[in-house]
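These notes are about the structure you will find just below.
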Amino acid sequence: MSKTTAQRAQLSNRLLAALPRKEHQRLLPKLELVNLAFGDILYEPGDVITHVHFPNNSIISLLSAVAERSTLEVGIVGNEGMAGISVFMGVNVSHNQFLVQGRGTAMRMKAEVLRNEFNHSGPLDLLLRRYSYSLMTQISQSAACNRFHTVDARLARWMLMTHDRIGTDEFQLTQEFMSNMLGVRREGVSKAAGELQRKKLISYSRGLVTILNRQGMEKVACKCYQVIKESENSLG
Ligand SMILES: [Zn+2]
């Protein structure tokens, strides 16, 4: 990919775009534009994180293994953040599975390069501290959400969070995927998706979701959606 394409793509990650121009230019050679495909697994629990990813229009889900062949989404990282925040906190081994939930591009940086950046105590360091806090809010809110809120409300919240990050009304989503994300059986997912369709909030066919009525979706989603969004907005 040409340098201009890389520069343009880099700007669509909001954390990188929030850096002062000079800092941005300095970091550019240390960032590599990569394509992520739907369903790719970047890391499994226990893997050494070799690169951190700043998604542009892609989405990376952080999944926790709760039982054999059973997972639950604990966090979602899109253009508002960076996947691999544990590297920033001094831990190189992944605790989660990193699964590409939305295909697209990301800027990746070698973990060791990011570690060197900490010594600068520059703008990136400060931004990542604030982002860590925002991601912590998202993860703790999701823990409560998974325990207390209905599948319909959780599915709506998750689709809204995906919609915000991916930037298109239509995105890929299989029932198996939704079932792994929400930690519920396929029948439960199919019932909840059917309910959203009946209300004409989404259309869903052949693994493709289209958001038809965003406001309606916001009414169905649990309040966790707003709590998480506010913490992201405070990043600037
Ligand atoms: Zn909730």
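Residues take their numbers from the sequence shown, with the count starting at 1.
Taking CD1 of I139 as the reference point, atom CD1 of I228 lies at 10.0 Å (rounded to 0.5 Å). Atom CG of L124 sits about 6.0 Å away from atom CE of M109, to the nearest 0.5 Å. Of the inter-residue distances, the one linking N57 atom CG with S12 atom OG reads 6.0 Å to the nearest 0.5 angstrom. From L62, atom CG reaches atom CG of L72 across 11.5 Å, with rounding to the nearest 0.5 Å.
Heavy atoms of other residues, nucleotides or ligands lying less than 6.0 angstrom from NE2 of H95 number 12 at most. Atom CZ of R214 sits in a crowded spot, with more than 12 heavy atoms from other residues, nucleotides or ligands closer than 6.0 Å. Dense packing is recorded around NZ of K30, with more than 12 heavy atoms of other residues, nucleotides or ligands lying under 6.0 Å away.
Taking both residues in full, the closest heavy atoms of Y204 and L173 are given as OH-O, 2.9 Å, listed atom of the first, atom of the second, then distance. When all heavy atoms of Q101 and T162 are compared, the pair lying nearest together is NE2-OG1, 2.8 Å. Residue C224 comes nearest to R157 through the heavy atom pair CB-CD, 3.7 Å, listed as atom of the first residue, atom of the second, then distance. Taking every heavy atom of both residues into account, N213 and K200 meet most closely at CB-O, 4.0 Å. When all heavy atoms of I76 and M161 are compared, the closest pair comes out as CG2-CE, 3.0 Å. Shown here for P55 and A106, the closest heavy-atom pair between the two residues is CA-CB, 3.7 Å.
Within the structure, the salt bridge (Lys or Arg N to Asp or Glu O under 4.0 Å) test picks out the following pairs touching residues 15-24 (sequence neighbours left out): E23-R26.
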*Can E117 and L27 be said to form a side-chain contact (heavy atoms from CB on, under 4.5 Å), step by step?*
CA-CA 10 Å; E117 284 299 317; L27 288 173; 3.6 Å; yes
*Could you walk me through whether L19 and L16 pass the side-chain contact (heavy atoms from CB on, under 4.5 Å) check?*
CA-CA 5 Å; L19 288 170; L16 295 177; 4.1 Å; yes
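Between E232 and R14 there is no salt bridge, since none of the side-chain N atoms of the basic residue sits less than 4.0 Å from a carboxylate O of the acidic one. Between E218 and K229 no salt bridge is recorded (no basic side-chain N to carboxylate O distance below 4.0 Å).
Among residues two or more places apart in sequence or in another chain, the ring pair (Phe, Tyr, Trp, His ring centres under 6.0 Å) test is passed with F177 by F38.
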Side-chain donor-acceptor contacts of residues 39-49 below 3.5 Å, not counting sequence neighbours, with atom names and distances?
residue	atom	partner	partner atom	Å
D40	OD2	A37	N	3.3
Y43	OH	T50	N	3.2
Y43	OH	T50	OG1	3.1
Y43	OH	H51	N	2.9
Y43	OH	H51	O	3.2
E44	OE1	Q97	NE2	3.2
D47	OD2	E44	N	2.8

